[in-house]
Amino acid sequence: MPRNLWLERILWILAAPLLALALTVLVALPSGAPPLETLRILVLGGLGSMTKFGQVLTVFVPLMLCSAGLLIPFTARLWNIGIEGQVVLGAIFCTGTLMPVDQGGPWHIALALAAGMLGGALWALLAGVLKTWGRVHEIFSGLGLNFVAMGLTIWLIFGPWKRPGVASMSGTAPFDPSLWLDRMGRLASSWTALALACAGLALVAWLLLRTQWGLGLKAVGQNPKAARLFDLSPRRRMLQAFALCGALGGLAGAVQVLGVYHRLLPSISSGYGYTALLVGMMASFRILPVPFICFFFAVLNVGSIQLPLQLNLDSSLSGVIQGLMVLSVFITQGLRSWLIRRREGC
Amino acid sequence: MHEFALVLAGILLAGAPLVLATLGETITEKAGVINLSLDGTMLLSAMAAFALASATGSPWTGALGGMAVGAAVAAVLGLTNIYFGQSQLAVGFILTLLCRDLAYFLGHAYSRQPGPTFGYWGIPGLSDTPVLDALLGRQSPVVSMSLAAIVLCWWWMYKTSGGMRLRAVGESPRAAFGRGIRVRLSRLMACLAGGALVGLAGAAYSLAVKPGWGRPQGCEGAGWIALAIVIFGGWHPVRAAIGAYFFATLQVSGIYLQDLFPSVPAQVFQVAPFPMMIVTLLAVNLGRMSFVQDMMRRYPILKRFSGSWPITSPAALGQDFDPKKGL
Amino acid sequence: MIVLNEISKRYGRVRANDSIGLTLEPGRIYALVGENGAGKSTLMRILAGHTVPDSGTITVHGQSHSRLTPALAASLGVGMLYQDPLDFPALQVWENFRLGGTSRTRAQVVDKLGELSNHLGVCFLPDEPIASMTVGERQLLELLRLLDLGATTLILDEPTTGITPEQKRNLFGLLTRLAREENHTVVLVTHKLSEALEMADAIFVMRQGRLTARLSTPCGEDELVRLMFGEAVERAGEIPAVASPGNRRLGLEAATFAGPKYHLGPLNLSAAPGEMIGLAGLDGSGQELFLRGLCGLDRLAEGSLLLDGRTFASNDFKTLHKAGVHFVPADRMSQALFPDLSIREHILLAFPGQAGRLEDFRREQCEERFNLRAHPDTPAKSLSGGNQQRLLLSLIPENAPLLLMEHPTRGLDAGSARQVWEHLRERCRTGATLFFFSPDLDEVMEHSHRVLVFYDRMLVADVPRAQATVETLGALMAGKNPEAWNAA
């Protein structure tokens with residue numbers, strides 16, 4: 001019997017990716033995309049060369065920072081959808097710190113990274129205060145603040161921080177190379193950024209699994225009313241969770257500015273905040289799967305850049321695949337529990 | 001006077017899809033299910049409606065297609081949540097992102113292409129009164145559809161036994177089950193009906209209010225605003241419609257503000273409804289905060305204001321129900 | 001005639017019903033008694049079609065069914081009334097009456113409702129939302145609805161919890177008439193023996209999922225107790241005397257508590273160490289806010305609170321918690337425990353200072369003092385009601401001066417309830433002051449030095465033990481002559 005059970009379990013694990021694959025083919029057919037060719041371009045576009053691998057890492061770093069951050073509020077059952085805006089505010093604070101500087105060194109960069117974290121944390125606290133004191137659900141406040149952050153970026157780029165001469169959607173004036181993050185040889189990514197991402201995940205894992213604070217946060221998520229009776233200060237703890245997550249999101253934004261674009265762009269966050277929410281859901285907000293899913297999603301993101309050039313398809317296919325994968329996980333999970341209950345019911 | 005009527009006509013038009021989407025979500029939430037996927041659903045159905053209308057040459061076929069797509073997305077949510085017991089917020093959010101990307105991906109070929117629109121409908125005989133003529137005499141059919149939907153929705157919800165069952169299921173699924181009402185089926189039906197209306201809202205964007213398809217289409221974010229309006233409207237169709245027109249007014253006035261401040265980029269004004277959304281939700285909850293209650297006790301006159309806009313959600317909103325577990 | 005045959009139902013490892021057979025005849029009133037968790041409600045829910053049995057048959061009018069649905073049960077004339085009325089508080093009276101019934105317009109519903117109300121001597125406003133009515137009125141409306149549906153077998157699950165003694169008399173009168181004059185079958189599910197003996201023609205006794213006896217009335221109460229509990233339960237002895245009644249543990253001076261829905265006050269009150277003070281009142285009469293205000297969960301809007309000589313102008317939860325004020329709500333799982341966290345984690349959260357010697361501390365606290373013998377990694381949601389209450393009590397530090405308990409024995413079997421009361425008395429003997437609420441007046445009277453009665457969001461009376469009888473308390477709870485008692 002145990003052998004059968006193992007087989008069944010493996011089949012269920014395989015069911016989700018298979019369903020996702022089937023659904024992807026299904027939705028890609030009407031657009032006339034050749035399935036195998038599309039898949040080849042997606043994978044090779046992400047892993048085909050060292051340069052591309054470097055690009056994957058540049059996507060991986062912010063994605064992992066955001067995903068790790070999101071694990072914290074989710075432990076308290078909070079949906080920090082505002083992470084997208086927190087990334088943007090991190091980028092804005094980081095840019096703002098370096099605006100008056102023409103040249104600099106590691107200290108300036110460290111300061112700018114810290115400023116980014118501060119920006120993200122403050123923006124997250126805003127959503128947190130609206131949630132804990134104003135009873136506005138964090139999904140709405142977070143989302144609203146995302147749009148506000150976007151508007152703020154555009155206003156800055158076209159207004160106070162506009163490029164000398166002409167303001168345009170291409171962003172502010174680039175920084176001096178002395179203010180850039182280091183590079184991994186000739187790759188687009190940076191060791192510092194990668195180290196920050198790993199440290200971020202480690203910090204979150206330690207906080208949530210090893211500390212009294214993490215246990216308290218879990219308790220707040222399970223039952224805020226009981227947490228109040230246990231004198232766990234649920235409001236304060238929720239705000240701390242928001243702030244920590246925002247700080248990691250802000251760090252991701254700062255890394256985007258210092259390591260990737262070297263200036264502030266209107267779409268500086270590239271939607272990584274939303275993608276990170278998908279990562280978290282796919283991992284059921286457990287820590288271990290997060291880096292692997294992040295890496296896979298990063299490959300898809302980079303690979304899809306080739307689609308418009310080679311097959312005249314829209315690059316949003318990567319988002320479609322990511323969405324279908326997470327949806328498939330939920331559908332198969334649901335189907336499984338439904339079947340189990342049916343069996344027990346009979 | 002005439003100019004004022006034109007502005008009002010603009011608000012009616014801009015509000016039409018918001019009204020439709022808000023009504024759809026109100027129906028769904030009245031049955032206890034939160035369909036968070038509005039924003040994505042609207043984009044996908046806007047794309048589908050435009051593509052179908054282009055292919056067949058008829059905007060009406062397109063609108064029907066949009067409704068079908070909206071209902072299909074809601075069906076995915078309904079099945080995974082109501083029957084498979086997965087979190088409605090999680091699935092709704094996944095669907096939001098998925099449908100948005102799917103719309104851009106599948107709509108790639110229709111991007112920036114000309115296509116049919118709804119054009120104008122005339123209610124004849126209004127030409128004598130220029131104000132009414134501007135408001136309703138030469139309007140898009142989506143305006144009449146949205147107005148009719150408000151009345152129908154209210155009537156159905158409060159004056160028919162089907163509507164009563166819908167409210168019962170959202171209020172207490174256990175009690176409804178105990179009275180022999182098929183709770184899960186009712187909820188699924190509410191999801192489908194609500195989804196279809198949201199789909200129609202999407203079609204209203206791509207075929208009338210912001211005709212055409214592209215990336216971005218221009219209706220991005222409207223779904224989230226509609227979700228907030230449902231709360232603002234206290235889950236009541238008529239009050240929700242008032243909320244929708246309030247936000248439409250805000251959008252329309254953005255255009256005029258832009259003329260006043262030409263140096264500020266257009267995108268900044270497009271953002272304006274979102275902080276308004278937060279402020280609105282904050283105001284809705286104001287009455288429940290302790291210091292406000294203290295004030296009301298000290299100055300009883302304030303109570304009048306708080307009572308005039310009651311906000312009570314369906315008691316079982318967001319709660320899953322499994323008849324197997326019994327009562 | 002309804003015959004239940006060999007009905008069995010398991011919940012996990014628990015046998016809620018173990019091959020039960022019984023017969024119900026028309027025109028008679030039955031009582032189904034047994035302590036909490038004996039399986040009474042499960043059996044009746046199976047009969048009403050709300051729960052599916054694992055095995056057995058239900059024969060109604062000669063036709064056998066292996067399971068019923070709510071709709072089928074209703075069509076067979078079986079109607080069930082729940083302890084918490086299963087209705088729609090936000091909907092209006094006529095809508096509640098109409099839902100699930102025959103297709104009628106509003107006017108027809110109003111006519112029918114008026115006709116039935118007249119017949120039974122009650123009165124309803126068709127457009128009133130149910131939320132503004134009392135539990136007793138909502139029960140009556142449900143009863144009318146079931147009768148309108150053609151119910152000839154009426155099951156009432158603990159119908160007297162949360163209603164006044166007067167409402168109870170009316171309800172029982174109505175039920176007797178229905179049985180005697182209109183030949184209905186009435187089943188009263190209760191854990192109160194007095195009610196069973198007063199009303200029933202026959203009494204079924206259930207114990208641990210089995211039907212242990214069928215008695216015809218009149219019968220002796222002692223015999224009934226023995227059948228219900230296996231052995232005779234000793235009544236708890238006399239409650240300990242208050243050691244120093246002159247001392248003041250707690251004082252309220254013109255205190256007004258502000259809840260989310262209403263205000264309570266101004267209150268003037270004092271309580272001595274060792275005093276056990278019961279609160280009586282119907283749901284929503286103010287006793288909930290009183291307890292929540294005392295521990296700082298709801299705000300002290302005006303006045304002041306004294307605790308052991310310290311005066312507090314505001315009732316900050318944190319400060320009071322540090323000073324040793326502990327509140328245990330009635331709904332333990334949804335308000336006081338973390339469903340997925342283990343016993344050990346609960347202890348760690350309540351006593352962060354003990355993190356170093358957690359295991360020893362847990363053993364002292366849970367096993368030695370409370371006999372809580374579950375594995376320390378058991379999540380709270382898998383604990384029985386009794387063990388949940390044991391865990392919660394073990395989380396209160398030994399020297400806590402003020403305990404506030406909302407229905408301390410809710411959902412507990414007789415043994416666990418007795419243990420809880422022994423523990424609470426022990427705490428009071430060593431100087432703690434206890435305020436507790438219970439919807440069961442007998443329990444309130446048995447364990448209080450004095451009783452505070454709440455009515456209509458006001459503290460209406462402070463009744464000493466000697467005068468606290470069912471009649472006095474019942475009248476006060478229903479708002480009758482509170483002037484006779486000087487509200488403190």
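Hydrogens, waters and symmetry mates are skipped; everything else that's a heavy atom, side chains included, is used. All chains are named by letter (A, B, ...) in the order of the sequence lines, taking the proteins before the strands, and each is independently numbered beginning at 1.
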Contact winner vs chain A - C:Val328, C:Leu297, C:Asp54, heavy-atom pairs under 4.5 Å: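 Among the listed options, the one with the most contacts to chain A is C:Leu297.
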[X] portion near chain A, given a 4.5 angstrom heavy-atom threshold:
X: C:Leu349; value: both
X: C:Phe317; value: side chain
X: C:Leu395; value: side chain
X: C:His326; value: neither

Please check if the number of heavy atoms outside [X] that lie under 6.0 Å from its [atom1] is greater than 12.
X: C:Arg357; atom1: CZ; result: yes
X: A:Trp133; atom1: CH2; result: no
X: A:Phe292; atom1: CZ; result: no
X: A:Trp213; atom1: CH2; result: yes
X: C:Arg67; atom1: CZ; result: no

Do you know the tightest heavy-atom contact between [X] and [Y]?
X: A:Gln212; Y: C:Pro352; answer: NE2-CB, 3.7 Å
X: C:Lys318; Y: A:Ser233; answer: NZ-OG, 2.9 Å
X: C:Ala336; Y: A:Ala226; answer: C-CB, 3.3 Å
X: A:Leu229; Y: C:Gln335; answer: CD1-O, 3.5 Å

Side-chain (A:Asn223) to main-chain (C:Phe338) donor-acceptor, under 3.5 angstrom: no
Any donor-acceptor N/O pair, C:Glu345 side chain to A:Leu215 backbone, under 3.5 Å: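 No; zero donor-acceptor contacts below 3.5 Å.
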